[in-house]
A.B. asks: 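The structure is given below, and queries will be raised subsequently.
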Amino acid sequence: MTQKKIIYQNPIVLERADPWVYKHSDGYYYFTGSVPGYQEIEVRRARTLNELETGECVTIWNAHVEGEMSRLIWAPEIHFIRGKWYIYFAAAGSAETADGTFQHRMYALECSDENPLTGKWIEKGQIKTHLESFSLDATVFEHQEKLYYVWAQKDPEIEGNSNLYISEMATPWQLQGEITMLSIPEYDWEIIGFWVNEGPAVIKRNGKVFIAYSGSATDENYCMGLLWAEENSDLLDAESWTKSPEPVFVSSEANSLFGPGHNSFTVSEDGKKDVLIYHARPEKVTEIEPLDVPDRHANAQVFTWDENGFPVFGKPGQ
């Protein structure tokens, strides 16, 4: 008997770039993403992915009037870690660039209440790294009783806009110990428009730890790459990681889905299928700064695994 194919009513949420979905033990899908205008953080929840567009939705935090968390609130992620809710996001003190680069730093919010839509959120401050430079797109995962932080940051000594880094965490808002650079933009598909590695998301399957990430400018050239390490290797050793020389998810002109990326991972409603959550545009951006065009919509797509245990994402809209 063949299983019925799972169909999602894409887009599952309109005008939400950098979509992050977390399925909690209470059966709800929790969703957040970049809100056009970039001045607030919202959290949605619903019992199904298809209901996120019209489900509960609450603004849980607003940008400060001025100062370091006052402009360009980007790419929030919601996580449940050791009994508390956390949201990681990037913010800047100005919408202007400095030396051609935005001025973002990374921050964390914490909520101890059961329901993050109605609970109280507390600012935990900036997450400090080895560099005081443009940084964003943090994600967190637990592995073998350790908590890890993966993020994108500019190193002024390295050509490009952002590289990927990993560190262990002392707390959900503080790093500890060694910081390792995992990847720099180096392949042609990572350096169109801008030299970018960003938007990491982690999934553990088949004895491996995978990090999907995004590269190039945020127009139709945006796409996803893949890093992986053996689950029992030292994740803070750069030599443990292998990088795909080819992108793993790219624009589909046939399906009118352009610039797919900045993904997250979740599972289907029955818990049996892995689901890729990603943003994409319905058309190419022309003559306008892509970040100013709010047509990056959140999409959901079931994906499979090949005989070697690697993800097969297929094509957007497949």
A.B. asks: Do Leu175 and Thr129 come close enough that some side-chain heavy atom pair is under 4.5 Å?
C.D. replies: yes
A.B. asks: Under the side-chain contact (heavy atoms from CB on, under 4.5 Å) rule, what do Phe31 and Arg16 come out as? Steps first, then yes or no, please.
C.D. replies: CA-CA 10 Å; Phe31 175 98; Arg16 292 297 180 268; 3.8 Å; yes
A.B. asks: Is any NZ, NE, NH1 or NH2 atom of the basic residue among Arg71 and Glu96 found under 4.0 Å from an Asp or Glu carboxylate oxygen of the other?
C.D. replies: no
A.B. asks: What is the distance from atom OG of Ser34 to atom CD of Glu40, rounded to the nearest 0.5 Å?
C.D. replies: 11.0 Å
A.B. asks: Taking side chain as C-beta onward, heavy atoms only, is Tyr8 less than 4.5 Å from Gln301?
C.D. replies: no
A.B. asks: Using a distance-only test with no angle check, is there a side-chain donor-acceptor pair under 3.5 angstrom linking Thr139 and Glu77?
C.D. replies: yes
A.B. asks: What I'd like to find out is whether the side chain of Asn232 reaches to under 4.5 Å of the side chain of Gln144, using heavy atoms alone.
C.D. replies: yes
A.B. asks: According to the ring pair (Phe, Tyr, Trp, His ring centres under 6.0 Å) rule, which pairs have a member within residues 39-70, sequence neighbours left out?
C.D. replies: Trp61-His64, Trp61-Phe89
A.B. asks: Using the ring pair (Phe, Tyr, Trp, His ring centres under 6.0 Å) criterion, which residues pair with Phe265? Sequence neighbours excluded.
C.D. replies: Phe303
A.B. asks: Classify the angle between the aromatic ring planes of Phe134 and Phe102 as parallel (below 30°), tilted (30 to 60°) or perpendicular (above 60°).
C.D. replies: tilted
A.B. asks: Hey, is Glu220 close enough to Lys284 for a salt bridge, meaning N to O under 4.0 Å?
C.D. replies: no
A.B. asks: What do the steps show when you test Asp219 against Asn221 for side-chain hydrogen bond (donor to acceptor under 3.5 Å, both in side chains), and what is the final call?
C.D. replies: CA-CA 5 Å; Asp219 56 16; Asn221 295 299; 3.2 Å; yes
A.B. asks: Considering only NZ, NE, NH1 and NH2 on the basic side and carboxylate oxygens on the acidic side, decide whether Glu230 and Lys208 come within less than 4.0 Å.
C.D. replies: yes
A.B. asks: Given 3.5 Å as the limit, does a donor-acceptor pair link the side chain of Glu231 with the main chain of Lys204, or not?
C.D. replies: no
A.B. asks: Asn161 side chain to Trp195 main-chain N or O, any donor-acceptor pair under 3.5 Å?
C.D. replies: yes
A.B. asks: Answer whether the closest heavy-atom distance between the side chains of Ser252 and Pro316 falls below 4.5 Å.
C.D. replies: yes
A.B. asks: I'd like to know if the side chain of Gln103 and the backbone of Ala91 have a donor-acceptor N/O pair within less than 3.5 Å.
C.D. replies: no
A.B. asks: Salt bridge or not for Asp113 and Lys84, using N-O below 4.0 Å?
C.D. replies: no
A.B. asks: Side chains of Asp237 and Thr180: closer than 4.5 Å at any heavy-atom pair?
C.D. replies: no
A.B. asks: Given the rule in the side-chain contact (heavy atoms from CB on, under 4.5 Å) test, do Glu123 and Tyr107 qualify, once you have shown the distances and angles that lead to the verdict?
C.D. replies: CA-CA 8 Å; Glu123 294 176 2; Tyr107 301 89; over 6 Å; no
A.B. asks: In Å and rounded to the nearest 0.5 Å, what is the CD1 to NE2 distance from Ile12 to His297?
C.D. replies: 12.5 Å
A.B. asks: Given 3.5 Å as the limit, does a donor-acceptor pair link the side chain of Trp85 with the main chain of Glu114, or not?
C.D. replies: yes
A.B. asks: Take atom CD of Glu239 as the centre, draw a 6.0 Å sphere, and report whether it contains more than 12 heavy atoms from other residues, nucleotides or ligands.
C.D. replies: no
A.B. asks: Mind checking what makes ring pair (Phe, Tyr, Trp, His ring centres under 6.0 Å) contact with Phe258, not counting sequence neighbours?
C.D. replies: none
A.B. asks: Determine whether the aromatic ring centres of residues Trp228 and Phe310 are separated by less than 6.0 angstrom.
C.D. replies: yes
A.B. asks: Working to the nearest 0.5 angstrom, can you tell me the gap between Gln174 CD and Lys128 NZ?
C.D. replies: 12.0 Å
A.B. asks: Quick one: pull up CE in Met169 and CD1 in Ile127 and give me the separation to the nearest 0.5 Å.
C.D. replies: 5.0 Å
A.B. asks: Go through the side-chain N and O atoms of Lys154 and Ser162 and say whether any donor and acceptor fall under 3.5 Å apart.
C.D. replies: no
A.B. asks: So if I apply the ring pair (Phe, Tyr, Trp, His ring centres under 6.0 Å) rule between His104 and each of Trp74, Tyr38, Trp151, which one comes out positive?
C.D. replies: Trp74
A.B. asks: Please check if the side chain of Ser268 supplies one atom and the backbone of Lys273 the other of a donor-acceptor pair under 3.5 Å.
C.D. replies: yes
A.B. asks: Could you tell me whether Glu42 and Arg44 have a side-chain N and a carboxylate O separated by less than 4.0 Å?
C.D. replies: yes
A.B. asks: Between Tyr22 and His79, is the ring centre distance below 6.0 Å?
C.D. replies: no
A.B. asks: Evaluate the ring planes of Trp305 and Phe210, with Trp represented by its six-membered ring, and classify them as parallel (under 30°), tilted (30 to 60°) or perpendicular (over 60°).
C.D. replies: tilted
A.B. asks: In chain order, what residues pass the side-chain contact (heavy atoms from CB on, under 4.5 Å) check against Glu56, with sequence neighbours excluded?
C.D. replies: Tyr28, Arg45, Leu117
A.B. asks: Side-chain contact test, heavy atoms from C-beta onward, threshold under 4.5 Å: evaluate it for Pro200 versus Asp137 and give yes or no.
C.D. replies: yes
A.B. asks: Just by modelled atom types, is the Leu131 backbone N or O under 3.5 Å from a matching donor or acceptor in the Gln153 side chain?
C.D. replies: yes
A.B. asks: How far does CZ of Arg281 sit from CG of Asp295, to the nearest 0.5 angstrom?
C.D. replies: 5.0 Å
A.B. asks: Please check if the side chain of Ser214 supplies one atom and the backbone of His262 the other of a donor-acceptor pair under 3.5 Å.
C.D. replies: yes
A.B. asks: Please evaluate residues Lys243 and Leu226 with respect to the criterion side-chain contact (heavy atoms from CB on, under 4.5 Å), reporting the C-alpha separation (whole Å), side-chain torsions for both, the decisive distance (0.1 Å), and the verdict.
C.D. replies: CA-CA 6 Å; Lys243 178 178 178 177; Leu226 191 68; over 6 Å; no
A.B. asks: List in chain and number order the residues that pass side-chain contact (heavy atoms from CB on, under 4.5 Å) with Thr32, two or more places apart in sequence or in another chain; answer none if no residue qualifies.
C.D. replies: Trp20, Ile41, Pro76, Ile78
A.B. asks: When you look at CG of Asp292, are more than 12 heavy atoms from neighbouring residues, nucleotides or ligands closer to it than 6.0 Å?
C.D. replies: yes
A.B. asks: Just by modelled atom types, is the Tyr165 backbone N or O under 3.5 Å from a matching donor or acceptor in the Tyr149 side chain?
C.D. replies: no
A.B. asks: Please tell me whether Phe249 and Tyr278 form a close aromatic pair, meaning their ring centres lie under 6.0 Å apart.
C.D. replies: yes
A.B. asks: Decide if atom CZ of Phe194 counts as having more than 12 heavy atoms of other residues, nucleotides or ligands within a radius under 6.0 Å.
C.D. replies: no
A.B. asks: What I want to find out is whether Arg105 reaches Glu132 closely enough, with some N-O distance under 4.0 Å, to be called a salt bridge.
C.D. replies: yes
A.B. asks: Gln318 and Asn255: side-chain donor and acceptor closer than 3.5 Å?
C.D. replies: no
A.B. asks: Given side chains that start at C-beta, do those of Ile87 and Val43 come closer than 4.5 Å, heavy atoms only?
C.D. replies: yes
A.B. asks: Do you know the tightest heavy-atom contact between Leu147 and Pro172?
C.D. replies: CD2-CA, 3.9 Å
A.B. asks: Quick check: does any side chain N or O of Ser244 sit under 3.5 Å from a backbone N or O of Gly225, one acting as donor and the other as acceptor?
C.D. replies: no
A.B. asks: Hey, could you give me the OG1/CG distance between Thr266 and Leu49, rounded to the nearest 0.5 Å?
C.D. replies: 6.0 Å
A.B. asks: Look at the side chain of Ser251 and the backbone N and O of Gly259, then say whether any donor-acceptor pair between them is shorter than 3.5 Å.
C.D. replies: yes
A.B. asks: Under a 3.5 Å cutoff, is there a donor and acceptor pairing between the side chains of Asn197 and Glu190?
C.D. replies: yes
A.B. asks: For residues Tyr222 and His279, determine if any side-chain heavy atom of one lies less than 4.5 Å from a side-chain heavy atom of the other.
C.D. replies: yes
A.B. asks: Could you please spell out the steps behind the side-chain contact (heavy atoms from CB on, under 4.5 Å) verdict for Asp155 and Asn163?
C.D. replies: CA-CA 8 Å; Asp155 183 337; Asn163 313 310; 3.9 Å; yes
A.B. asks: Linking Ile, Leu, Val, Met, Phe, Trp and Tyr by side-chain heavy atoms under 4.5 Å, what else ends up with Ile211?
C.D. replies: Phe141, Tyr148, Val150, Leu164, Ile166, Leu182, Tyr187, Trp189, Val202, Val209, Tyr213, Leu227, Leu235, Leu236, Trp241
